[in-house]
Amino acid sequence: KKIDVTGKSPELIFAEVMSEYSLGVEKGMIKNIYFSEEVKDVEGVMVSETISSPRLLGLLDFRVPEILTRALDEDFMVGFFGEEKGVTPFLVLKVSPHDSGLAGILLWEKKLPYFFDKAFGITVSATSSPQIVFRDVVIEGRDVRTGEMGGVKGISYTFADANTLIIAGSRSALEELLAKYSGRSR
């Protein structure tokens, strides 16, 4: 699904993302949301261009740690994964170098529930700064950080490779996305 962000407020962009979320996704399927913006080319003609991850986060006015912002590559993916019990949002970011991406996500992890609340319209927390505790686990030989709030496992993230960070709204969705990324079906 394409969302044109030209001249739109963050609230309107969020509303369009939430609308796509409410439409759902079939179990095991992925819905990709990509964002475009009308810009003038070198000849002054308006053209539609896909925006970069730093541009999206800037448009949406998210406070992302500077070390992560500097490490972000342009490519990213926002999407929804269909699970047995509903739809789970996710975000894939490309970072370089890996060390900066890792340091940045570790600094940002406590704010991830707020990001999911705001960007996807799902209530992961009752406040903008919930008491989330991230724990290290190993899934299919990968180091994964899984957030828990009140014993409920939620947002999880890992590096699928040295430069690809996957953040998902549930541990089960992260496991499925990793399998798809690796070319293995579950």
Side-chain angles (χ1 to χ4, degrees), residues 3 5 8-11 13-14 17-18 21 30 32-37 49-81 88-125 127-149 153-171 173-178 180-182:
I3 295 178
V5 300
K8 293 181 182 169
S9 68
E11 294 76 22
I13 297 168
F14 292 139
V17 172
M18 290 177 221
Y21 174 79
I30 292 174
N32 178 21
I33 309 295
Y34 70 99
F35 302 86
S36 66
E37 184 172 39
E49 287 187 358
T50 302
I51 66 172
S52 67
S53 60
R55 175 75 176 131
L56 179 68
L57 293 172
L59 276 172
L60 300 179
D61 197 27
F62 281 112
R63 292 201 172 92
V64 178
E66 188 175 333
I67 191 169
L68 180 57
T69 302
R70 285 192 319 259
L72 289 175
D73 288 346
E74 291 199 6
D75 295 335
F76 71 101
M77 180 180 183
V78 171
F80 301 110
F81 181 73
T88 302
F90 68 90
L91 175 66
V92 179
L93 298 171
K94 293 295 227 174
V95 297
S96 180
H98 172 81
D99 293 346
S100 294
L102 177 59
I105 190 63
L106 288 169
L107 288 172
W108 196 36
E109 73 180 17
K110 293 263 187 213
K111 296 289 186 183
L112 286 175
Y114 176 70
F115 172 80
F116 273 72
D117 287 351
K118 189 84 169 150
F120 299 115
I122 61 168
T123 304
V124 177
S125 64
T127 67
S128 62
S129 57
Q131 296 301 331
I132 188 167
V133 176
F134 279 86
R135 302 195 190 292
D136 294 312
V137 297
V138 176
I139 298 174
E140 296 188 21
R142 297 181 199 277
D143 293 326
V144 173
R145 298 280 288 165
T146 297
E148 296 180 13
M149 291 182 297
K153 289 181 176 43
I155 297 169
S156 298
Y157 67 87
T158 192
F159 281 87
D161 62 36
N163 302 101
T164 306
L165 174 63
I166 301 175
I167 308 166
S170 74
R171 180 175 166 171
L174 181 68
E175 290 174 10
E176 292 288 341
L177 291 165
L178 276 172
K180 287 186 180 299
Y181 183 85
S182 301

Taking C-beta and beyond as the side chain, do Leu57 and Thr69 meet within less than 4.5 Å on heavy atoms?
no

Rounded to the nearest 0.5 Å, what separation is found between the CD atom of Glu175 and the OG1 atom of Thr146?
8.0 Å

Looking at every non-hydrogen atom in both residues, tell me the closest pair between Lys110 and Phe134 and how far apart they are.
N-CE1, 4.4 Å

Do the side chains of Ile3 and Ile33 get nearer than 4.5 Å, heavy atoms only?
yes

Side chains of Ile132 and Leu112: closer than 4.5 Å at any heavy-atom pair?
no

Is Val138 close to Val144 at the side-chain level, that is, under 4.5 Å between some pair of heavy atoms?
no

For the CZ atom of Arg171 and the CD1 atom of Ile155, what is their distance to the nearest 0.5 Å?
15.0 Å

Please find the pair of heavy atoms, one from Pro65 and one from Leu107, that lie closest to each other, and give the distance.
CG-CB, 3.7 Å

Taking Asp136 for the side chain and Arg145 for the main chain, is one N or O donor matched with an acceptor at less than 3.5 Å?
no

Sole residue of Phe80, Phe120, Phe116 in ring-ring contact (aromatic ring centres under 6.0 Å, His included) with Tyr21:
Phe80

Using only atom types and a distance under 3.5 Å, with no angle test, would you say the side chain of Lys94 pairs donor to acceptor with the backbone of Glu74?
no

For Ile51 against Phe76, the heavy-atom pair lying closest together:
O-CE2, 3.2 Å

Please tell me if the side chains of Tyr181 and Asp161 come closer than 4.5 Å, counting only heavy atoms from C-beta onward.
yes

4.5 Å side-chain heavy-atom contact, Leu106 and Tyr157
yes

Which atom pair, heavy atoms only, marks the closest approach of Ala71 to Pro97?
CB-O, 4.3 Å

Hey, are the side chains of Phe159 and Arg142 touching, using non-hydrogen atoms and a 4.5 Å cut-off?
no

My understanding is that only residues two or more places apart in sequence, or in another chain, count here; which of them pass salt bridge (Lys or Arg N to Asp or Glu O under 4.0 Å) with Arg55?
Glu37

How would you list, by chain and number, every residue that makes a side chain to side chain donor-acceptor pair (under 3.5 Å) with Asp143, sequence neighbours excluded?
none

If I compare all heavy atoms of Thr88 with all of Ala173, which pair ends up nearest, and what's the gap?
CG2-CB, 3.6 Å

Distance check, rounded to the nearest 0.5 Å: Leu56 atom CG versus Thr50 atom OG1?
11.5 Å

Which one of Ile105, Val92, Thr158 satisfies the side chain to side chain contact (heavy atoms under 4.5 Å, CB included) criterion with Ile167?
Ile105

For Ala168 against Leu177, the heavy-atom pair lying closest together:
CB-CD1, 4.2 Å

Distance col, row Lys180:NZ vs Leu178:CG, nearest 0.5 angstrom, shows 12.0 Å

Donor-acceptor contact below 3.5 Å, side chain Ser156 vs main chain Gly154
yes

Looking at Ser53 and Asp73, would you say the former's side chain and the latter's main chain have a donor-acceptor pair under 3.5 Å?
yes

Can you find a heavy atom in the side chain of Phe35 that is under 4.5 Å from one in the side chain of Val78?
yes

